[in-house]
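In the text below, chain A, chain B and the rest are named by the order of the sequence lines, each starting its count at 1. Remember, predicted model here, so these are calculated numbers, not experimental data.
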Amino acid sequence: MAAIASRLARVRLQFAQRRTWALLLLAVVAVLYPYLVRPYHLSLAIEVLIFAIFAMSLDILLGYTGLVSFGHAAFFGLGAYLVAYTTIGLTNNLAVTLPVVVVGTALAALVAGFFAIRTSGIYFLMVTLAFAQMLFSIAIRWSSVTGGSDGLSGVSRPAIGVGPLSYTFDSRTSFYYLVLAFFLLSWWVLRRIVDSPFGWTLRGIRENEQRMLALGYNTFRYKMAAFVIAGVFAGIAGMLLAQFFRHAAPENLYWTTSGQVMIMLIVGGTGTLTGPILGAAVIRLLPNYLSTYTDRWQTVLGLTFILFVLFAPQGIMGLIQRFRQRGERREHSENRTS
Amino acid sequence: METFIIQLLNGLVFSMLLFTMAAGLSLIFGQMDVINLAHGSFYLLGGYIGLTMVRRLNNFWLALVVAPLLVGALGLVLEYFFLRRLYGRHRHLDQVLFTFGLALIAADLIRWYWGAYVESVPPPDLLSGQVPVFAVQFPIYRLSLIGVGVALALFLWLLIERTRIGAIIRAGVADAEMVSALGIDVHKVFAGVFALGVALAALAGVLGSPVLNLYPGLDFEILILTLVVVVVGGLGTLKGAFFGSLLIGMADTFGKAFLPEFTLFLIFAVMAVVLLLRPSGLFGLEGA
């Protein structure tokens with residue numbers, strides 16, 4: 001028994017060491033990445049990182065709190081439009097645009113959440129979907145303000161600092177580093193949130209809201225807080241996308257965007273922060289490769305999604321875990337026979 | 001005054017189309033606890049099948065029968081091979097996600113086969129032209145849609161409230177496990193209700209095509225409005241679907257006529273007010 005235990009501990013340690021090395025390697029690759037690849041692949045990486053922030057934010061709602069929002073693009077698109085207005089009308093300085101996006105999306109999430117969180121389950125799903133479609137309809141129809149179906153163009157890349165000490169993230173490479181910084185910061189903040197007592201309360205609400213109520217938690221407030229946090233990070237992702245493409249488009253608000261981020265999350269695996277990152281990478285990169293073989297890549301994407309829903313509802317993370325458990329079990333049986 | 005009457009009639013027409021959609025969606029939800037996010041796709045598919053039949057055979061009436069039958073059969077197949085695998089307490093989200101995947105695939109395949117253009121369908125010859133109604137001229141086809149909607153509401157009401165099948169369906173809404181314990185094959189009931197629901201969506205697609213035209217993206221426009229209808233009316237009740245359709249159909253039509261830039265905003269406002277006062281909709285069961 002003791003031998004098995006020590007063997008297992010050694011395996012664990014090996015895993016941990018391997019993990020550290022892998023993360024270090026990943027960090028080096030991430031920093032050197034712009035100098036290793038062609039501009040096209042750099043753009044892809046920027047998009048993956050932006051959508052990873054977006055998918056992580058949805059996970060706070062869906063994966064951790066159990067609130068299924070089908071209108072998360074509302075905050076993504078709102079972030080894009082807010083930064084477009086501020087940049088075009090006032091300044092591209094992040095010290096101004098970022099607070100505008102954060103406060104704006106937080107307020108919108110408060111208003112939408114006030115109605116949505118009173119409902120639950122299927123009703124919540126429909127109310128969030130309707131909210132996003134409402135914003136989309138305003139973006140399309142109120143063209144004198146929103147630019148209609150063309151959206152808002154001429155969004156310059158962001159800048160920091162003042163006067164002679166200012167710097168604009170104009171080049172693709174510099175913007176990549178900005179997005180990478182935002183991604184790491186978002187990941188770290190969200191990690192802190194889900195590991196905090198607050199995060200565990202959210203999991204409690206997901207598992208059994210009645211019990212949390214009985215324990216004296218004001219679950220409405222917790223769900224509201226989760227809704228606002230998710231909305232703000234989605235808004236930041238939308239802001240980065242608009243700055244990257246120098247354009248805020250109504251599609252950023254459309255249900256296809258909500259659907260895409262939902263697919264990323266489900267394919268990656270809910271209830272973890274790594275899952276949405278993996279999902280964002282897979283779902284963002286897949287069409288690029290598929291489209292060279294077929295025009296029906298949306299169908300392939302939909303089929304992939306359905307297969308995951310039917311056979312691997314825990315997503316890629318679930319598959320990895322299953323694979324790893326099988327490995328550990330084999331380790332066990334080898335020990336027993338030796 | 002004349003525009004008001006015309007808008008009122010248009011509102012009724014649109015309400016009846018919404019009711020045909022919402023009744024199916026609500027039935028499926030009440031029975032299986034599944035929100036069918038592909039409901040708009042079945043609408044669009046029905047409409048396009050109708051379009052092809054009208055183009056090839058020049059027969060609107062045949063389209064009206066065949067499109068719902070074909071789409072209903074498709075519903076049976078989908079229920080049998082896929083949805084059935086997802087029944088069970090903890091897989092509600094998976095069912096919703098499955099129908100969402102279906103909607104994605106359907107949107108892509110429909111655009112592939114029928115193209116991305118706006119297609120208009122002429123109303124049948126028998127119902128073309130206009131008649132005077134309260135001092136305004138109104139298209140006969142649209143007027144007959146109001147009649148069809150009311151007739152359908154009556155038919156569904158009789159089916160659900162006055163027949164044995166309806167009793168089983170109502171019992172299934174209340175407690176599917178108990179129904180199954182009484183020796184009734186709930187899977188057959190589920191399959192039947194799902195097929196009926198999507199067939200109704202296809203019927204709405206054929207009926208609505210001369211009024212709303214057909215184009216990619218209409219599937220989700222219709223789906224959103226139908227969802228709002230059932231949220232406002234209360235899920236799983238025919239009465240809720242009917243009055244919810246009237247409310248949203250009127251709000252949409254009058255909104256488009258008088259506040260075109262804020263129509264959906266208006267509809268969302270209606271929904272918000274209803275949800276504030278009654279979180280389960282106007283006719284929904286409390287705590288449902």
Side-chain angles (χ1 to χ4, degrees), chain A residues 62 66 68 70-71 111-112 114-127 129-138 140-146 148 254-256 258-260 262-263 265-267 270 294-311 313, chain B residues 29 33-35 37 81-83 85-86 90-109 111-112 217 220-221 223-232 234-235 256 259-269 271-276 279-281 284 288:
Chain A
L62 198 156
V68 185
F70 246 91
V111 174
F114 181 73
F115 294 104
I117 290 170
R118 302 171 68 86
T119 64
S120 61
I122 301 294
Y123 282 89
F124 181 83
L125 185 154
M126 293 192 286
V127 173
L129 181 60
F131 178 70
Q133 282 306 106
M134 183 194 76
L135 289 190
F136 172 72
S137 142
I138 292 175
I140 287 279
R141 297 262 156 79
W142 201 13
S143 43
S144 54
V145 176
T146 59
Y254 199 41
W255 68 268
T256 47
S258 298
Q260 199 179 21
M262 174 73 82
I263 293 176
L265 186 52
I266 300 296
V267 167
T270 57
T294 170
D295 287 339
R296 303 269 66 78
W297 60 266
Q298 196 187 323
T299 299
V300 180
L301 207 64
L303 281 175
T304 314
F305 176 65
I306 283 183
L307 285 178
F308 266 98
V309 169
L310 285 174
F311 300 111
Chain B
F29 175 82
D33 270 351
V34 177
I35 271 297
L37 291 180
F81 285 103
F82 300 104
L83 266 182
R85 315 179 112 245
L86 296 174
H90 296 291
R91 302 207 70 179
H92 281 174
L93 176 59
D94 293 339
Q95 294 166 355
V96 176
L97 293 175
F98 171 75
T99 63
F100 176 66
L102 271 189
L104 274 182
I105 294 171
D108 195 39
L109 293 181
R111 194 184 301 123
W112 179 41
F220 266 78
E221 278 178 39
L223 174 70
I224 300 289
L225 285 176
T226 310
L227 289 178
V228 172
V229 164
V230 292
V231 167
V232 166
L235 272 167
K256 275 187 179 137
L259 280 170
E261 285 161 353
F262 299 102
T263 310
L264 259 188
F265 188 81
L266 186 74
I267 288 170
F268 192 73
M271 185 172 86
V273 170
V274 170
L275 282 178
L276 271 182
S280 341

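- Side chains of A/Phe311 and B/Arg85 form a contact here, defined as non-hydrogen atoms less than 4.5 Å apart.
- When the candidates B/Leu102, B/Ile35, B/Thr263, B/Leu97 are compared by the number of heavy-atom contacts under 4.5 Å with chain A, B/Leu97 comes out ahead.
- Between A/Leu310 and B/Phe82, the shortest heavy-atom contact is CD1-CD2, 3.6 Å.
- Here the two rings, on A/Phe70 and B/Phe100, have centers that are under 6.0 Å apart.
- Only the side chain of A/Ile263 comes within contact range of chain B, with heavy atoms under 4.5 Å apart.
- In this structure, chain B has a heavy atom under 4.5 Å from the side chain of A/Ile266, while its backbone stays farther away.
- Listed for the A/Tyr123 side chain is no donor-acceptor partner under 3.5 Å among the backbone atoms of B/Gly281.
- In this structure, chain A has a heavy atom under 4.5 Å from the side chain of B/Val228, while its backbone stays farther away.
- At a 4.5 Å heavy-atom cutoff, the contact between A/Val127 and chain B is made by backbone and side-chain atoms alike.
- Between chain B and the options A/Leu62, A/Leu303, A/Leu135, the largest number of non-hydrogen pairs under 4.5 Å is found for A/Leu303.
- In this structure, CD on A/Gln260 lies 9.5 Å from CG on B/Leu104, to the nearest 0.5 angstrom.
- With a threshold of 4.5 angstrom between heavy atoms, B/Phe29 approaches chain A through side-chain atoms but not through N, CA, C or O.
- Taking each heavy atom of A/Met126 and B/Val230 in turn, the nearest pair found is SD-CG2, 4.2 Å.
- Proximity to chain A (any heavy atom under 4.5 Å) is restricted, for B/Leu37, to the side chain, taken from C-beta onward.
- Only the side chain of B/Ile224 comes within less than 4.5 Å of a heavy atom of chain A; its backbone N, CA, C and O stay farther away.
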Using the side-chain contact (heavy atoms from CB on, under 4.5 Å) rule, take A/Val68 and B/Val96 through it: C-alpha gap first, then chi angles, then the decisive distance, then the call.
CA-CA 10 Å; A/Val68 185; B/Val96 176; over 6 Å; no

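- Among B/Leu223, B/Leu227, B/Leu225, the residue with the largest count of heavy-atom pairs under 4.5 Å with chain A is B/Leu227.
- Rounding to the nearest 0.5 angstrom, the gap separating the CZ atom in B/Phe268 from the CD atom in A/Gln133 is 11.0 Å.
- Expressed to the nearest 0.5 Å, how far OG1 of A/Thr299 lies from CG of B/Leu109 amounts to 4.0 Å.
- Of the listed residues (A/Met262, A/Arg141, A/Met134), the greatest number of heavy-atom pairs within a distance under 4.5 Å of chain B belongs to A/Met134.
- When A/Trp142, A/Trp297, A/Trp255 are compared by the number of non-hydrogen pairs under 4.5 Å with chain B, A/Trp255 comes out ahead.
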